[in-house]
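Report on one structure; see the data block that follows.
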Amino acid sequence: MSRDLFIFSSGTIKRKENTIYLETNNGERKFFPVENIDSIHLFGEIELNTKALNFFAQKNIVIHIYNYYGYYSGSYLPREKNVSGELLVRQVQHYLDEEERMYLAYSFVEGALFHMQRNLREYENTNEFVIKISQELENAKNCKSIQELMGCEGRARDVYYNAFNLILKSKFFFEKREKRPPTNPINALISFGNSLIYSTVLSEIYKTQLNPTISYLHEPRERRFSLSLDLSEIFKPLIVDPIIFKLINNNMLKDEDFDQDVNYCYLTESGRKKFLKEFDSKMETTIKHRKLGRSVSYKFLIRLECYKLIKHLLKDEIYKPLKAWW
Amino acid sequence: MVDLLQNLRITGIKINYLFVCERKLWLFDRGIGMEETSEKVFLGKLLDEFSYPKEKKKKILIDNLICIDILNEEEIREVKYSDKLEEPNKMQILYYLYYLKKLGIRKKGILNYPKQKKREIVELTPEKEKLIEDAIKKIEEVVGRENPPPVEKKRYCKKCAYYEFCFIGE
Ligand code: SF4
């Protein structure tokens with residue numbers, strides 16, 4: 001099974017014949033097993049030349065780049081190989097048709113809210129929060145516009161984050177969700193985790209014929225691969241949040257894992273490494289799929305979600321968001 | 001000539017798929033391919049094959065199941081590692097014979113099963129030509145459908161690159 005590679009060191013990535021290696025600033029060489037790499041995430045300061053980029057393109061390897069603070073800044077996607085004009089047309093059709101768009105947008109919200117509730121149920125005294133989220137889901141069903149739907153989703157998310165202080169047992173206290181810049185450790189963890197999900201979902205979309213710029217819940221106008229934002233909604237609470245709970249509740253994070261000031265809070269390299277270790281092992285964790293009768297990894301669940309969307313667009317089978325059953 | 005070859009390559013796969021699974025044919029026709037499939041490898045190699053007829057013999061892998069050796073003068077040869085998909089492979093080789101005949105080239109086809117120590121000669125007869133013509137019509141009908149043909153469970157679905165796609169359910 002192919003893996004994602006996370007690089008923290010700084011240096012130069014070079015190609016030599018059929019191998020790729022990283023030459024770190026202190027002259028060390030690390031070779032990569034390119035045959036088994038899916039995507040490479042660059043956290044360090046890396047120099048790359050076109051020779052290396054061409055090689056990555058040939059091997060169909062996606063490169064995600066993160067800035068100094070560990071946030072997603074962009075991707076290098078090799079020339080699109082999986083193209084289907086027919087699917088693109090249908091993706092657009094579903095965007096333009098209000099009813100079709102609402103159906104998909106609602107489905108993503110449904111998947112997200114389901115997983116939020118699932119997380120809360122793991123902990124005591126969260127029932128009132130679970131009920132409030134159910135009410136928002138009920139409201140979401142009757143929404144007439146995307147804005148209204150976004151409103152329901154936003155309120156449900158506020159309820160969910162409010163419950164975090166019941167779940168998190170430590171000195172880390174969560175006040176409110178702040179994105180730019182995050183101002184406390186929990187926000188820093190959420191933002192970091194969400195960027196990882198975003199880039200991972202993008203890598204999976206890229207392996208299919210879906211066009212990542214045409215989306216339903218988010219506006220395709222957002223200058224991002226907005227379909228990746230759509231699908232990420234389902235996976236953030238499924239994958240990222242349990243990692244945060246684990247890291248905090250097991251006291252795995254120390255002060256030095258954060259770079260903190262009154263105005264901002266970021267994960268330091270040691271903090272990012274701890275997060276990534278959990279993230280990577282989560283993505284490779286497998287569950288027995290009840291429909292397929294096969295073991296699939298969490299990462300592959302993302303691809304399966306893409307397949308389901310394609311099937312919906314092809315009028316093969318109606319899309320229903322993943323709802324973790326295990 | 002290039003157009004003809006292009007057509008030959010594409011239709012060869014479609015003929016194969018028609019007999020493997022109409023759904024697979026439809027999806028392939030719409031550009032919904034699976035990462036793991038070897039169609040592209042196949043297409044590229046077959047093009048090489050016809051572009052450089054001087055080369056005596058080359059191997060072409062199809063679907064990871066069969067392998068065609070095209071011998072330039074008398075025959076087209078297919079080496080099959082598995083006789084599981086006998087009919088699709090036979091139809092595919094017949095299609096190549098048919099196509100070559102239209103180009104004024106007469107050959108015969110040979111199917112080899114080294115594992116089973118079998119060898120079968122495939123020749124283009126008027127009845128077989130009729131089969132191919134019917135198959136081409138059927139392909140047009142299948143790919144002309146608006147939506148993909150529904151999943152029909154077959155014994156080899158589990159080995160098909162589309163398995164997850166077809167069987168994921170909701
Ligand atoms: S999995 Fe079965 S139904 Fe689906 S394309 Fe393959 S052979 Fe056809």
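Quick note on labels: first sequence line is chain A, next is B, and so on, each numbered from 1. As the structure is a prediction and not an experimental result, all values here were calculated from the model.
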Quick check on [X]: does its [atom1] atom have over 12 non-hydrogen neighbours (other residues, nucleotides or ligands) under 6.0 Å away?
X      : atom1 : result
B:K108 : NZ    : no
B:K130 : NZ    : no
A:E98  : CD    : no
B:K159 : NZ    : no

Where the side chain of [X] meets the backbone of [Y], is there a donor-acceptor pair that is under 3.5 Å apart?
X      : Y      : result
A:E86  : B:G31  : no
A:K311 : B:C166 : yes
B:Y163 : A:L292 : yes

N-O pairing of B:E164 and A:R294 below 4.0 Å: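 Here B:E164 pairs with A:R294 in a salt bridge, since their nearest N and O are under 4.0 Å apart.
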Please tell me if the side chains of [X] and [Y] come closer than 4.5 Å, counting only heavy atoms from C-beta onward.
X      : Y      : answer
B:I32  : A:L314 : yes
A:I310 : B:F165 : yes
B:I168 : A:H289 : yes
A:E317 : B:V151 : no

Starting at OH of A:Y307, measure out to OH of B:Y162 and round the result to the nearest 0.5 Å.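 If we round to the nearest 0.5 Å, A:Y307:OH and B:Y162:OH are 9.5 Å apart.
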